[in-house]
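First up is the structure itself, then whatever we jot down about it.
Lettering follows sequence order; numbering is per chain, from 1.
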Amino acid sequence: MKLSEKNRDFFHNVFDVVRLIPEGRVTSYGAIAKYLGAPRSSRMVGWAMNASHKEEGIPAHRVVNRNGLLSGRHHFNPPEAMEQRLVAEGIDVKEHQVQSLKTVFWDPSEELKL
DNA sequence: GTCTTGACGTTTA
DNA sequence: CTAAACGCCAAGA
C-alpha cells in the first residue's frame, strides 16, 4: 500500500467514525486517532475535522478534546452553534465544556469495536 | 525548498 | 500541583 493512500484512508476513516457517533454522545480526537491506529496523531484528526466543513453529514460538534472542552467551537459559524447543538441533543454543556463527560463519552474502540 | 501554525495528547521536569 | 517539551503530520505563507 502506498503511503499517500494510507493518508487518504486516515482522513476517510475519521469522517466515517464521526458520522457513526450516536446522538447525545461525544468522543475525543485522541479516541478516534487511537481507534485508527495512530494514538499520537490526534492533531491530524483535528485537521481532518477542519476539512470536514466541505463534507456534509459530519457532526463535528460531537467531537471534543480529552477534557471535554469544546476546543473547536471557534471554527463553527456561529461559534456558539457547537454547544448549542450538543445541548439540543441532551448533552449538558457549561462554560464551553461537556458535563458528565464520562457518561456521554462514546469510545469507538469500546462501543464500535469490530 | 524552509518555516510556522494548528479542532490534541502524553510525558517529563 | 503547574509548565514546558515532544511527537505527529498536513497545509499555507
Side-chain angles (χ1 to χ4, degrees):
Chain A
M1 181 192 285
K2 279 196 282 190
L3 203 58
S4 51
E5 289 182 356
K6 197 172 168 78
N7 298 339
R8 183 195 62 77
D9 204 41
F10 182 82
F11 271 63
H12 178 78
N13 282 330
V14 171
F15 296 137
D16 212 18
V17 172
V18 173
R19 270 190 258 247
L20 289 171
I21 302 174
E23 219 177 87
R25 297 291 200 89
V26 296
T27 190
S28 70
Y29 307 93
I32 296 172
K34 184 165 190 157
Y35 175 72
L36 298 180
R40 310 273 172 140
S41 300
S42 43
R43 301 174 95 132
M44 296 302 93
V45 178
W47 197 249
M49 302 320 292
N50 192 354
S52 77
H53 278 282
K54 296 179 58 179
E55 302 286 332
E56 297 213 358
I58 312 281
H61 59 278
R62 295 187 188 143
V63 184
V64 297
N65 72 351
R66 190 63 174 139
N67 299 309
L69 191 67
L70 279 57
S71 43
R73 75 191 144 89
H74 255 303
H75 293 262
F76 279 79
N77 190 291
E80 305 142 13
M82 188 174 188
E83 60 184 279
Q84 212 167 67
R85 281 187 176 188
L86 291 174
V87 170
E89 293 182 1
I91 299 175
D92 191 12
V93 181
K94 296 272 164 131
E95 299 291 318
H96 311 300
Q97 189 170 1
V98 176
Q99 307 299 302
S100 311
L101 178 63
K102 196 175 180 183
T103 306
V104 299
F105 188 76
W106 183 81
D107 190 347
S109 300
E110 293 290 323
E111 306 292 333
L112 190 59
K113 234 164 192 174
L114 285 169

Report the distance from atom CD of A:Gln84 to atom CZ of A:Arg73, rounding to the nearest 0.5 Å. 13.5 Å

If I pick the P atom on B:dT4 and the same atom on C:dA5, what distance separates them, to the nearest angstrom? 15 Å

Looking only at non-hydrogen atoms, find the nearest pair between A:Ala48 and A:Phe11 and report the distance. CA-CE2, 3.6 Å

Shared hydrophobic cluster for A:Val104 and A:Leu69 (ILVMFWY, side-chain gaps under 4.5 Å): no

Would you indicate what A:Ala48 reaches in the nucleic acid, counting non-hydrogen atoms under 4.0 angstrom: base, sugar-phosphate, or nothing? nothing

Pairing annotation in dot-bracket form, given for DNA chain C with Watson-Crick or G-U pairs under 3.5 Å and | for cross-strand partners: .||||||.|||||

Assign A:His61 to base, sugar-phosphate, or nothing according to its heavy-atom contacts below 4.0 angstrom with the strands shown. nothing

Would you mind reading off the distance between A:Met44 atom CE and C:dA10 atom C1', rounded to a whole angstrom? 5 Å

Give, for atom CD of A:Glu80 and atom CZ of A:Arg85, the distance between the pair rounded to the nearest 0.5 Å. 13.5 Å

Quick one: CG on A:Asp107 to NZ on A:Lys34, what's the gap to the nearest 0.5 Å? 8.5 Å

More than 12 non-hydrogen atoms from neighbouring residues, nucleotides or ligands closer than 6.0 Å to NE2 on A:His53, yes or no? yes

Using atom CH2 of A:Trp47 as one end and atom C1' of C:dC9 as the other, report the distance to the nearest whole Å. 11 Å

Give every pair of a protein N or O atom and an N or O atom of nucleotides 8-11 of chain B that lie under 3.5 Å apart, one pair per line with the distance.
from: B:dC8; atom 1: OP1; to: A:Ser71; atom 2: OG; distance (Å): 3.2
from: B:dC8; atom 1: O2; to: A:Ser42; atom 2: OG; distance (Å): 2.8
from: B:dC8; atom 1: N4; to: A:Arg43; atom 2: NH1; distance (Å): 2.7
from: B:dC8; atom 1: N4; to: A:Arg43; atom 2: NH2; distance (Å): 3.4
from: B:dG9; atom 1: OP1; to: A:Arg66; atom 2: N; distance (Å): 2.8
from: B:dG9; atom 1: OP2; to: A:Arg66; atom 2: N; distance (Å): 2.7
from: B:dG9; atom 1: O4'; to: A:Ser42; atom 2: OG; distance (Å): 3.4

Let me know the distance between CG of A:Asp9 and C1' of C:dC9, rounded to the nearest Å. 16 Å

For the hydrophobic clusters of this structure (ILVMFWY residues joined by side-chain heavy atoms under 4.5 Å, transitively), does one cluster hold both A:Val17 and A:Val64? no

Given atom NE2 of A:His53 and atom P of B:dA7, what is their separation to the nearest angstrom? 11 Å

Atom pair distance, as rounded to whole Å: NE2 in A:His75 and P in C:dA11: 16 Å

Exam field: side chain A:Gln99 to backbone A:Gln97, donor-acceptor pair closer than 3.5 Å: yes

Could you go through residues 18-30 of chain A and list every donor-acceptor pair under 3.5 Å that involves a side-chain atom there, pairing it with any protein atom two or more places apart or in another chain?
from: A:Arg19; atom 1: NH1; to: A:Glu56; atom 2: O; distance (Å): 3.3
from: A:Thr27; atom 1: OG1; to: A:Trp106; atom 2: O; distance (Å): 2.8
from: A:Ser28; atom 1: OG; to: A:Ala31; atom 2: N; distance (Å): 3.1
from: A:Tyr29; atom 1: OH; to: A:Val63; atom 2: O; distance (Å): 3.3

Taking atom C1' of C:dA11 as reference, at what distance in whole Å does atom CE of A:Met49 sit? 17 Å

Return the value, rounded to whole Å, for the distance between atom CG of A:Asn13 and atom C1' of C:dC9. 16 Å

How long is the line joining CG of A:Asn50 and C1' of C:dG12, in whole Å? 12 Å

